[in-house]
Amino acid sequence: MSAVRGKFISLEGGEGAGKSTLLAGLRECIEQHGIALVQTREPGGTRVGEAVRAIVLDPERRELAAETELLLMFASRAQLVREVIEPALHAGQWVLCDRFADASYAYQGGGRGQPESRIAELEQWACAGVKPDLTLLLDLSVATGRARAAGRGDADRIEVEADSFFERVRTTYRERAAAEPARFRMIDASQSPAAVLKAALAALAHLFEATA
Ligand code: Z5A
């Protein structure tokens with residue numbers, strides 16, 4: 001067990017924003033600093049969470065109510081916090097997570113219209129105080145994100161939504177970033193992958209300094 005708690009970094013953004021691409025580069029740089037890292041994703045990251053992921057992204061499950069979708073996202077998150085994130089942070093490891101609670105505010109709140117107060121209640125209960133130290137928001141126009149994601153095969157249950165849904169998602173993310181500037185760093189995701197990585201590493205600099 002380590003005396004120093006690890007750092008928790010989440011990546012957020014719309015479809016095709018480049019989170020997976022950035023994760024690979026970030027992972028390499030963090031490990032080069034000699035920091036033990038756990039990389040995970042939402043929904044998913046545990047056996048229970050991956051089962052939830054299969055349900056919520058299944059395009060055949062058109063019957064899923066917005067309330068059920070929201071609860072399932074938090075069911076996956078509650079498990080991930082207890083099984084993966086909190087034990088890793090407690091052991092001094094860093095956690096790099098592809099999406100976290102902000103995604104529920106953006107997609108289920110902004111996108112589906114679920115009340116923000118209800119999402120906040122669920123966050124308080126399911127996350128038990130675990131919150132990212134830093135959230136990198138990859139901001140990109142819906143059109144560019146969708147163009148990048150096109151041609152990857154069949155769209156999942158959320159990807160089939162209209163552009164207006166993803167515009168609301170983007171607006172909610174940007175509002176959350178503006179409301180919590182100390183936690184969020186918004187990165188222009190229309191830049192090259194190398195420029196996005198450079199901006200992300202600049203945003204991580206204070207975390208590396210705190211660890212040195
Ligand atoms: N969801 C939710 O509704 N509520 C929640 O609480 C949570 C999630 C946690 C997860 O899907 C879905 O769950 C997601 C939100 C919802 N639905 N949507 N839409 P996912 O994990 O399968 O997919 P995603 O999170 O949306 O990511 P993505 O679409 O796979 O994109 P990405 O990882 O951000 O992008 P990428 O794979 O790195 O890049 C996409 C393409 O662009 C690829 O060809 C790259 O080579 C290219 N790329 C990447 N970066 C660049 C740059 N900088 N320039 C040019 N091209 C680039």
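Order of appearance sets the numbers: ligands from 1, and atoms from 1 within every ligand.
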Which residue owns the protein heavy atom closest to [atom], what's the atom, and how far is it?
atom	result
atom 6 (O) of ligand 1	Ser104 OG, 2.7 Å
atom 45 (C) of ligand 1	Thr21 OG1, 3.8 Å
atom 26 (O) of ligand 1	Arg99 NH2, 2.9 Å
atom 56 (N) of ligand 1	Arg148 NE, 3.5 Å
atom 22 (O) of ligand 1	Arg53 NH2, 2.9 Å
atom 3 (O) of ligand 1	Gln108 NE2, 2.9 Å
atom 17 (N) of ligand 1	Ile158 CG2, 3.7 Å
atom 2 (C) of ligand 1	Met73 CE, 3.3 Å

Considering only NZ, NE, NH1 and NH2 on the basic side and carboxylate oxygens on the acidic side, decide whether [X] and [Y] come within less than 4.0 Å.
X	Y	answer
Glu86	Arg82	no
Arg183	Asp133	no
Glu180	Lys131	yes
Arg157	Asp58	no

So is [X] touching ligand 1 or not, going by heavy atoms under 4.0 Å?
X	result
Ala149	no
Phe74	no
Gln191	yes
Arg41	no
Arg77	yes
Pro43	yes

Would you indicate whether Arg118, at its atom CZ, is surrounded by more than 12 heavy atoms from other residues, nucleotides or ligands within a distance under 6.0 Å?
no
Distance flag, aromatic centroids of Tyr105 and Tyr173, threshold under 6.0 Å:
no
Going from [atom1] on [X] to [atom2] on [Y], what distance comes out if it is rounded to the nearest 0.5 angstrom?
X	Y	atom1	atom2	result
Glu159	Leu57	CD	CG	7.5 Å
Ile85	Thr40	CD1	OG1	6.5 Å
Leu138	Leu136	CG	CG	7.0 Å

Heavy-atom protein contact below 4.0 Å for atom 43 (C) of ligand 1
no
At less than 4.0 angstrom from any non-hydrogen atom of [X], what atoms of ligand 1 do you find?
X	value
Glu42	9 (C)
Arg152	28 (P), 29 (O), 30 (O), 31 (O)
Gly18	32 (P), 34 (O), 35 (O), 36 (P), 38 (O), 39 (O), 49 (C), 50 (N)
Ser192	53 (N)
Phe166	19 (N)

As a test of understanding, state which of Glu69, Glu123, Arg77 forms a side-chain hydrogen bond (donor to acceptor under 3.5 Å, both in side chains) with Ser104.
Arg77
From CA spacing to verdict: side-chain contact (heavy atoms from CB on, under 4.5 Å), Phe184, Asp102:
CA-CA 10 Å; Phe184 273 92; Asp102 296 296; 3.5 Å; yes
How about Tyr107 and Arg168: does a side-chain donor come under 3.5 Å of a side-chain acceptor?
no
Have a look at Lys19, Arg157, Arg146 and point out the one with the heavy atom closest to atom 34 (O) of ligand 1.
Lys19
Is Leu80 reachable from Val48 through a run of hydrophobic residues whose side-chain heavy atoms are each under 4.5 Å from the next?
no
